[in-house]
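In what follows, every heavy atom counts, from backbone to side chain, and hydrogens, waters and symmetry copies are set aside.
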Amino acid sequence: MKLKYGDKIIYMEGIITKVEEGAVEIDFKGRLGHIKVPMRMIISDYPLKVGQEVGFNMSFLELLSPKINEKYRSNLDRKIDKEVEK
């Protein structure tokens, strides 16, 4: 599906706040929130550590449709149910 709005790429910076097996959490500078991304998305010549700064280009997120993806939603519900059972 094509986005309605043109791409407006914005340079942002953040600080690594958590490094897990396979994922990294980053707090955006300027109190703009945080994001968790797969480690494979980060380009680096160094081992990742908490407190390191990252820079990235980002655009706005656009809702593609008001419809709920029922297959994905049911998978999420099953995952949550399994976690509650533990």
Side-chain angles (χ1 to χ4, degrees):
M1 177 175 271
K2 196 171 186 179
L3 299 176
K4 294 179 194 173
Y5 297 93
D7 200 13
K8 182 173 179 145
I9 295 180
I10 302 165
Y11 177 76
M12 299 183 76
E13 292 183 350
I15 305 290
I16 295 175
T17 57
K18 190 173 185 181
V19 178
E20 315 179 324
E21 191 172 318
V24 176
E25 291 187 25
I26 298 166
D27 275 348
F28 299 134
K29 287 185 177 179
R31 298 183 344 196
L32 296 173
H34 68 277
I35 191 169
K36 184 175 183 177
V37 297
M39 201 173 284
R40 68 179 179 270
M41 289 184 66
I42 298 181
I43 300 167
S44 175
D45 294 331
Y46 315 103
L48 301 177
K49 297 177 185 171
V50 171
Q52 290 174 315
E53 293 180 283
V54 295
F56 49 95
N57 289 318
M58 190 168 173
S59 186
F60 296 101
L61 303 173
E62 183 178 330
L63 187 64
L64 298 176
S65 165
K67 298 178 199 169
I68 293 174
N69 182 321
E70 293 297 340
K71 181 179 177 185
Y72 195 82
R73 177 63 194 255
S74 68
N75 289 340
L76 286 173
D77 290 342
R78 276 198 298 267
K79 181 179 176 185
I80 290 169
D81 290 343
K82 285 180 183 178
E83 289 174 3
V84 170
E85 290 174 4
K86 290 182 181 180

Nearest heavy-atom contact between I15 and K29 is CD1-CE, 4.0 Å
When rounded to the nearest 0.5 Å, the distance separating OG1 of T17 from CZ of F28 is 10.5 Å
Between K8 and S59 the two heavy atoms that sit nearest each other are O-OG, 3.5 Å
**Report entry** ILVMFWY cluster, I35 and M41 together (side-chain gap under 4.5 Å)
**Finding:** yes
To the nearest 0.5 Å, atom CD1 of I26 lies from atom CD of Q52 at 10.5 Å
Output for pair (E62 CD, L64 CG), nearest 0.5 Å, gives 6.5 Å
For L32 and M12 the tightest heavy-atom approach is CD1-CE, 3.6 Å
Greater than 12 external heavy atoms within 6.0 Å of I10's CD1: yes
Q) Does some side-chain heavy atom of L48 sit less than 4.5 Å from a side-chain heavy atom of M39? A) yes
hydrophobic_cluster_shared for F60 and M58, side chain cutoff 4.5 Å:
yes
* To do: Taking atom CG of L76 as the centre, report whether more than 12 heavy atoms of other residues, nucleotides or ligands fall under 6.0 Å from it.
  => yes
